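Throughout, residue positions are numbered sequentially from 1 according to the sequence presented. As the structure is a prediction and not an experimental result, all values here were calculated from the model.
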Amino acid sequence: MNSRFLPRAAALLCTAAAIAAGPVAAHADDVITSWDLRSDAVTAGTIRDAADRFEAANPGYKVEDSHFANDAYKTKLKIGFGANQPPCVFASWGGGPLKEYVDAGQVMDMTPYLDKDPAFKDRFIDASFGPVTFDGKIYGIPAENTGLAVVFYNKDMFAEYGLTPPKTWDDLMNIIQVLNDHNVAPFALANKNKWPGLMYYGLLVDRVAGPGAYQAASTGEGSFTDPAFVEAGTLLQDLVKANAFAKGYNGLDYDIGGSRRLLYANKAAMEVMGTWELSSIINENPSFADKVDFFTFPSVPDGKGDPSDVLGTLGDNYISVSEACPYKDKAYELATYMTDDTAAADRLANQRMMPLKNIQTDDPFLQKVANTVANAKSVQLWYDQDLPPAVGEATKDAVQELFGLSVTPEQAAQQIQDAASAKASN
């Protein structure tokens with residue numbers, strides 16, 4: 001939160017003094033609140049810079065920006081909307097959770113604003129608006145990054161052990177065996193938060209059956225008990241049984257760097273994570289960043305999915321405006337400052353690539369991300385962000401239990417389907 005703001009008691013005294021002074025007193029600033037999950041100084045700095053530029057262009061308005069860690073942010077946002085006291089401007093992943101707020105009439109339709117400013121809207125890749133478009137109306141602006149689930153790996157460690165990025169499941173299992181033989185954990189995973197492990201499950205479902213299985217199940221045309229989901233759970237547990245993960249993975253916290261610390265200490269060689277991870281690594285351990293590259297998840301035996309398919313989002317995160325905001329026009333204007341060319345350049349300098357057309361970069365990592373998107377036959381939004389919240393939570397719970405070997409693949413699939421059925425019947 002911006003430290004320039006007066007404490008509440010002092011603010012009340014100033015307000016009382018202004019009333020006593022009569023009509024010549026200075027008008028108090030209108031405050032636009034903004035929440036997001038940019039919890040490190042560099043990424044939060046991009047938002048603050050946009051807010052400062054907005055304030056300079058709009059005397060009488062101040063932006064109160066608050067930044068939270070991932071899981072804390074989700075809880076904060078849920079409480080804020082539940083109490084009908086959300087911030088004016090807020091970040092989200094779009095998809096099912098945002099749709100629930102939209103269906104409740106709590107999010108502003110941005111379509112009229114974007115239609116009046118086609119030059120601004122047309123900068124974005126058309127598909128990037130998909131996760132925030134409901135019934136033909138747009139409820140958010142793509143902001144932070146093109147975020148894809150990929151396999152990061154330590155190039156030096158791979159070279160030391162004569163390993164190359166795997167193309168097939170057998171290749172991957174061989175890498176796991178070699179690394180275990182050298183007392184190195186193949187994968188770092190911080191799955192206390194549940195969503196990191198869900199990436200594996202989503203990728204495996206795609207590699208087993210292609211994007212159609214999830215699309216059918218998520219819309220109710222199919223079922224989460226279909227063979228693709230059971231097979232994905234079986235393959236995931238095959239990884240667990242092959243000692244593919246550093247010990248204690250279901251108790252490690254991603255938000256405090258639980259998985260990255262294993263990479264930095266050379267205790268693990270790989271990590272499945274969103275492409276934003278390199279930005280985190282650069283901010284935390286810049287010398288280690290030179291050792292990092294990534295590959296897409298390999299194919300699986302008899303799999304129908306294309307290994308070019310990716311799990312992720314073309315707008316991680318999206319900026320929206322709440323209906324409760326008393327300054328909707330100005331809040332939308334603030335959102336444009338947060339996603340304009342200046343903000344895009346700032347993000348690009350920090351290894352984050354907004355989903356813009358004709359974006360130019362000479363950074364090899366970002367170019368590889370762009371090429372990965374361009375070559376992908378399918379880009380599937382993260383399961384827990386695409387599904388309604390109750391179903392997404394049940395999916396994360398079931399997959400965490402798969403990692404813990406406390407349920408069978410069939411049981412996990414049934415748990416997810418039960419949640420989906422319960423939601424459909426409401």
Side-chain angles (χ1 to χ4, degrees), residues 148-153 165-176 186-191 194-218 222-245 249-250 259 270-274 294-312 372 376-387 391-392 394-417 420:
L148 311 175
V150 297
V151 186
F152 285 93
Y153 72 101
K167 300 293 185 183
T168 68
W169 186 256
D170 286 345
D171 293 341
L172 178 61
M173 296 304 284
N174 177 66
I175 289 171
I176 290 169
F187 286 101
L189 173 63
N191 203 35
K194 302 179 185 178
W195 59 264
L198 186 56
M199 292 184 180
Y200 288 86
Y201 189 66
L203 288 167
L204 286 167
V205 171
D206 178 88
R207 297 302 186 260
V208 169
Y214 171 79
Q215 291 167 4
S218 64
S223 170
F224 288 102
T225 60
D226 287 349
F229 298 95
V230 175
E231 177 63 16
T234 300
L235 291 170
L236 190 155
Q237 292 194 328
D238 286 347
L239 291 176
V240 174
K241 294 170 184 176
N243 294 319
F245 304 100
Y249 49 84
N250 265 351
S259 50
M270 298 179 288
E271 180 189 25
V272 171
M273 186 44 60
F294 74 83
F295 55 86
T296 56
F297 203 83
S299 65
V300 300
D302 302 318
K304 299 177 181 177
D306 192 309
S308 73
D309 291 350
V310 292
L311 189 69
T372 301
K377 306 263 189 322
S378 168
V379 180
Q380 172 60 55
L381 182 63
W382 316 108
Y383 282 14
D384 56 328
Q385 299 306 326
D386 188 53
L387 294 166
V391 185
T395 304
K396 288 190 294 185
D397 289 344
V399 171
Q400 188 184 55
E401 291 171 6
L402 280 171
F403 272 99
L405 302 179
S406 58
V407 296
T408 66
E410 292 82 3
Q411 289 170 333
Q414 188 64 57
Q415 287 176 212
I416 300 169
Q417 182 54 41

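No side-chain N or O of Asp170 forms a donor-acceptor pair with one of Thr168 less than 3.5 Å apart.
A side-chain donor-acceptor contact under 3.5 Å links Asn250 to the backbone of Gln400. No side-chain donor-acceptor contact under 3.5 Å links Ser299 to the backbone of Gly305. Looking only at distances, a side-chain donor or acceptor of Asp226 sits under 3.5 Å from a matching main-chain atom of Ser223. Judged by distance alone, the side chain of Asp309 and the main-chain N or O of Ser378 form a donor-acceptor pair under 3.5 Å. Judged purely by atom type and a 3.5 angstrom limit, Asp397 has no side-chain atom pairing as donor or acceptor with the backbone of Ala394. One N or O on the side chain of Ser406 and one on the backbone of Glu401 form a donor-acceptor pair closer than 3.5 Å.
By the 4.5 Å heavy-atom criterion applied to side chains, Phe297 and Trp169 are counted as neighbours. Looking at heavy atoms from C-beta onward, Ser259 lies out of side-chain contact with Leu189 at the 4.5 angstrom threshold. Side-chain contact between Tyr214 and Phe224 is present, with at least one heavy-atom pair separated by less than 4.5 Å. Counting heavy atoms from C-beta outward, Leu203 and Val272 have side chains that approach closer than 4.5 Å. Residues Ser218 and Leu387 form a side-chain contact, since some pair of their non-hydrogen atoms from C-beta on lies under 4.5 Å apart. In this structure, the side chains of Pro307 and Arg207 come closer than 4.5 Å at one or more pairs of heavy atoms. Counting heavy atoms from C-beta outward, Thr372 and Phe294 have side chains that approach closer than 4.5 Å.
Going from atom NZ of Lys396 over to atom CG of Asp384 covers 5.0 Å, rounded to the nearest 0.5 Å.
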(Q) Working note: Gln417 + Thr225, criterion side chain to side chain donor-acceptor pair (under 3.5 Å); need CA distance, chi angles, decisive distance, verdict. (A) CA-CA 6 Å; Gln417 182 54 41; Thr225 60; 5.4 Å; no
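Classification of the Phe403-Phe245 ring pair by plane angle, with boundaries at 30° and 60°, yields perpendicular.
In summary, of the residues considered (Tyr383, Phe187, Tyr249, Trp195), a ring pair (Phe, Tyr, Trp, His ring centres under 6.0 Å) with Tyr200 occurs for Phe187 alone.
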Less than 3.5 Å apart, which donor and acceptor atoms pair up between the side chains of residues 229-244 and the rest of the protein, not counting sequence neighbours?
residue: Thr234; atom: OG1; partner: Val230; partner atom: O; Å: 3.0
residue: Gln237; atom: NE2; partner: Leu402; partner atom: O; Å: 3.1
residue: Gln237; atom: NE2; partner: Val407; partner atom: O; Å: 2.9

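Closest approach of Met199 to Ala149, counting heavy atoms only: SD-CB, 4.1 Å.
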